[in-house]
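Have a look at the structure below, then the notes.
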Amino acid sequence: MENKFKYSLDNKRYHTWNYHLRTKFGGKVFKIALNGGFTCPNIDGSKGIGGCTYCLGGSGDFAGDPSHAILTQFEEVKARMLKKWPHAKYIPYFQANSNTYAPLSVLKERFEPVLNQPDVVGLAVATRADCLPDDLIDYLEEISRRTYLVLELGLQTIFDKTGEKINRCHSYADFLEAFKKLKKRGINVCVHLILGLPGETNDMMLESAKAVARLEPHCVKLHLLHVLNGTKIADQYQNGEFETLSLCEYVNTVVDCLEYFSEETIIQRLTGDGGRDKLISPLWSLKKFVVLNEIDKEMLRRDTYQGKLFSTIKG
């Protein structure tokens with residue numbers, strides 16, 4: 001069956017991150033995940049303690065070693081990645097915790113050294129909607145004028161009731177305010193959503209996807225909820241308070257969501273890595289390529305593609 005989707009190098013029916021980077025930069029580009037030593041307002045007590053219930057000591061399990069200087073981390077991760085892609089370019093990715101939760105002077109000390117490295121073509125910064133003061137947005141706008149910047153905002157769900165359950169400690173309204181400020185400044189935003197959060201139905205997950213789709217962000221990441229050993233959500237799962245999604249449920253929900261995102265929105269992620277030594281459930285998620293293949297097969301079976309239903313919600 002003919003692929004009806006134009007943003008594709010490998011017969012995908014959605015706008016892949018790989019397609020975007022290869023067409024924008026003319027070759028392979030990979031992220032170099034870094035740990036800037038930041039914390040979060042829902043970890044350090046300013047808003048909450050312990051972080052989000054699914055988080056194991058801060059996001060960014062695959063980031064660099066925080067005991068090493070940023071440029072040392074950069075070189076260590078780059079060396080590993082270059083074994084697979086020896087002629088690639090790089091996007092430093094400040095991944096762990098909330099990477100704008102610090103004074104502006106500290107952020108400049110972290111960001112500027114890696115921006116000046118050879119073959120660096122951009123910068124990715126993961127953070128929260130409530131960690132974006134105006135002086136920082138000014139700085140981000142300035143960075144976006146000189147390189148390819150993507151600011152990643154962890155929304156996870158539009159439902160504040162769920163946000164309270166997972167100890168997110170900021171509201172959907174906070175997210176919308178920050179998103180609009182960033183978009184007004186021309187800053188690329190990648191929105192994170194998690195599918196399978198406790199208490200959420202398929203309809204709720206789809207409502208979150210539709211709400212984000214209407215905003216037409218630069219990118220989205222769709223994550224599967226991973227239950228990791230040592231987290232609060234692991235205790236809830238083991239007490240029988242909720243169930244994780246099956247592979248079939250997840251695949252169908254992802255495809256449902258993709259139909260509503262504009263074809264211009266880049267899909268950075270459709271599954272995630274839970275860490276084999278820490279993952280309690282769902283264990284099927286360890287087979288990442290199986291998950292991605294099942295998504296492709298379901299889109300083909302439905303003869304559907306990203307953006308097929310976008311016009312039905314745009315308004």
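Residue indices begin at 1 and follow the sequence shown. These numbers were taken from a predicted model, which means no experiment stands behind them.
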- Message: Determine whether Lys31 and Gln268 satisfy the following criterion, side chain to side chain donor-acceptor pair (under 3.5 Å), listing intermediate values before the conclusion.
- Response: CA-CA 12 Å; Lys31 283 182 173 180; Gln268 273 211 43; 2.9 Å; yes

Could you tabulate the donor-acceptor pairs under 3.5 Å formed by side-chain atoms of residues 235-244, not counting sequence neighbours?
unit_1 : atom_1 : unit_2 : atom_2 : d
Tyr237 : OH     : Ser281 : OG     : 3.2
Asn239 : ND2    : Asp235 : O      : 3.1
Thr244 : OG1    : Ser281 : OG     : 2.7

- With Lys210 as the cation and Tyr260 as the aromatic partner, state whether NZ or CZ is under 6.0 Å from the six-membered ring centre and within 45° of the axis. yes

- Message: Looking only at the side chains, is there a donor atom on one of Gln156 and His192 sitting less than 3.5 Å from an acceptor on the other?
- Response: no

- Message: Using a 3.5 Å distance criterion without hydrogens, assess whether the side chain of Thr100 forms a donor-acceptor pair with backbone atoms of Cys131.
- Response: yes

- Message: Under a plain distance cut-off of 3.5 Å, with no hydrogens placed, do Asn97 and Arg128 share a side-chain donor-acceptor pair?
- Response: no

- Message: Could you check whether any side-chain N or O of Lys28 sits under 3.5 Å from a backbone N or O of Leu21, counting only pairs where one atom can act as donor and the other as acceptor?
- Response: no

- State whether the side chain of Arg110 and the backbone N or O of Gly36 hold a donor-acceptor pair below 3.5 Å, judged by distance alone. yes

- Tyr54, Ile49: one ILVMFWY side-chain cluster at the under-4.5 Å cut-off? no

- Message: Run the side chain to side chain donor-acceptor pair (under 3.5 Å) test on Thr157 and Glu200 for me, step by step, so that the C-alpha distance in whole Å, both residues' side-chain angles and the decisive distance to 0.1 Å come before the verdict.
- Response: CA-CA 9 Å; Thr157 175; Glu200 292 220 337; 2.6 Å; yes

- Determine the minimum heavy-atom distance between Phe310 and Ser262, stating which atoms define it. CD1-N, 3.7 Å

- Side-chain donor/acceptor of Asp303 to backbone N/O of Met299, under 3.5 Å: no

- Check against ring pair (Phe, Tyr, Trp, His ring centres under 6.0 Å), Phe30 and Tyr90: CA-CA 5 Å; Phe30 62 75; Tyr90 329 116; 5.3 Å; yes

- So, do Cys257 and Leu206 sit near enough that their side-chain heavy atoms are less than 4.5 Å apart? yes

- Query: Do Phe94 and Phe111 make the cut of ring centroids closer than 6.0 angstrom?
  - Reply: yes

- Here the pair of heavy atoms bringing Leu245 nearest to Pro282 is O-CB, 3.9 Å

- Message: Please check: side-chain N/O of Ser208 versus main-chain N/O of Ile158, any donor-acceptor pairing under 3.5 Å?
- Response: yes

- Once you round to the nearest 0.5 Å, how far does NE2 of His218 lie from SG of Cys190? 8.5 Å

- Flag yes if Leu286 and Ile280 sit in one hydrophobic cluster, no otherwise; membership is Ile, Leu, Val, Met, Phe, Trp, Tyr, and two members link when side-chain heavy atoms are under 4.5 Å apart. no

- Across all chains, not counting sequence neighbours, the side chain to side chain donor-acceptor pair (under 3.5 Å) partners of Ser171 are Asp174

- Message: Tell me whether Lys78 at atom NZ has more than 12 heavy atoms from other residues, nucleotides or ligands lying less than 6.0 Å away.
- Response: yes

- Message: When you compare the side chain of Leu153 with that of Leu132, does any pair of heavy atoms fall below 4.5 Å?
- Response: yes

- Message: How close do Met205 and Thr253 get, counting heavy atoms only, and between which atoms?
- Response: SD-CG2, 4.0 Å

- Task: Mark yes when over 12 heavy atoms from residues, nucleotides or ligands other than Lys47 sit less than 6.0 Å from its NZ; otherwise mark no.
- Result: yes

- Message: One pair to check against side-chain contact (heavy atoms from CB on, under 4.5 Å): Tyr19 and Lys12. What are the steps and the verdict?
- Response: CA-CA 10 Å; Tyr19 172 90; Lys12 299 289 186 182; over 6 Å; no

- Query: Has Lys287 got more than 12 heavy atoms of other residues, nucleotides or ligands less than 6.0 Å from its NZ?
  - Reply: no

- Item | Pairwise side-chain contact, Asp256 with Asn202, heavy-atom cut-off 4.5 Å (strictly under) | yes

- Query: Donor-acceptor pair, Glu75 side chain versus Leu71 backbone, under 3.5 Å?
  - Reply: no

- Group every Ile, Leu, Val, Met, Phe, Trp and Tyr by side-chain heavy-atom contacts under 4.5 Å, then state whether Val220 and Tyr14 land in the same group. yes

- With a 3.5 Å cut-off and no angle check, do the side chains of Ser285 and Tyr250 form a donor-acceptor pair? no

- Query: Can you list the steps and then say if Asp130 with Tyr101 is a side chain to side chain donor-acceptor pair (under 3.5 Å)?
  - Reply: CA-CA 9 Å; Asp130 56 352; Tyr101 188 47; over 6 Å; no

- Task: With salt bridge (Lys or Arg N to Asp or Glu O under 4.0 Å) as the test, would you mind laying out the steps for Glu264 and Lys314 before giving the verdict?
- Result: CA-CA 13 Å; Glu264 304 292 336; Lys314 184 171 171 55; over 6 Å; no

- Query: Does a side-chain N-to-carboxylate-O contact under 4.0 Å join Asp296 and Arg13?
  - Reply: no

- Message: side chain to side chain donor-acceptor pair (under 3.5 Å) for Asn99 and Thr127? Distances and angles first, verdict last.
- Response: CA-CA 5 Å; Asn99 294 274; Thr127 191; over 6 Å; no

- Would one find more than 12 heavy atoms of other residues, nucleotides or ligands at under 6.0 Å from atom CZ of Arg276? no

- Axial cation check for Phe261 ring with Arg214, 6.0 Å and 45° limits: no

- Do Ile187 and Val121 sit in the same hydrophobic cluster, where Ile, Leu, Val, Met, Phe, Trp and Tyr count as joined when their side-chain heavy atoms come under 4.5 Å apart? no

- Query: Looking at side-chain heavy atoms only, is the closest gap between Lys24 and Val29 below 4.5 Å?
  - Reply: no

- Task: Indicate if Ile194 and Leu283 have the same hydrophobic cluster label, given that clusters are the connected sets of ILVMFWY residues with side-chain heavy-atom separations under 4.5 angstrom.
- Result: no

- When the ring centroid of Tyr305 is compared with that of His15, is the distance short of 6.0 Å? no

- Just by distance, do the side chain of Lys183 and the backbone of Leu215 share a donor-acceptor pair under 3.5 Å? yes

- Message: Whether the side chain of Asn188 engages the backbone of Leu149 through a donor-acceptor N/O pair (distance < 3.5 Å, no angle test) should be reported.
- Response: yes

- In Å, rounded to the nearest 0.5 Å, how long is the span from OH of Tyr139 to OG of Ser144? 11.5 Å

- Task: Answer with yes or no whether the side chains of Asp44 and Ser46 bring together a donor and an acceptor at under 3.5 Å.
- Result: yes

- Message: Distance alone, cut at 3.5 Å: any donor-acceptor contact between the side chains of Gln306 and Tyr7?
- Response: no

- Message: Could you report the tightest heavy-atom contact between Leu225 and Pro198, atom names first, then the distance?
- Response: CD2-CD, 4.1 Å

- Item | Donor-acceptor contact below 3.5 Å, side chain Glu141 vs main chain Asp138 | no

- What is the minimum heavy-atom distance between Val120 and Val114, and which atoms define it? CG2-O, 3.4 Å

- Message: Taking the six-membered ring for Trp, are Tyr148 and His20 closer than 6.0 Å centroid to centroid?
- Response: yes

- Query: If you measure from CG on Leu258 to CG on Leu270, what distance do you get to the nearest 0.5 Å?
  - Reply: 5.5 Å

- Taking it one step at a time, do Glu298 and Arg301 satisfy salt bridge (Lys or Arg N to Asp or Glu O under 4.0 Å)? CA-CA 5 Å; Glu298 180 60 19; Arg301 188 191 70 79; 2.8 Å; yes

- Query: Gly51 and Asn167: which non-hydrogen atoms are nearest, and at how many Å?
  - Reply: O-ND2, 2.8 Å

- Task: Find the distance between CG (Leu193) and CZ (Arg269) and round it off to the nearest 0.5 Å.
- Result: 13.5 Å

- Can we say Glu263 and Lys308 salt-bridge, meaning some charged N sits less than 4.0 Å from an Asp/Glu carboxylate O? no

- If you measure from the Lys or Arg side-chain nitrogens to the Asp or Glu carboxylate oxygens, is any gap between Arg145 and Glu142 under 4.0 Å? no

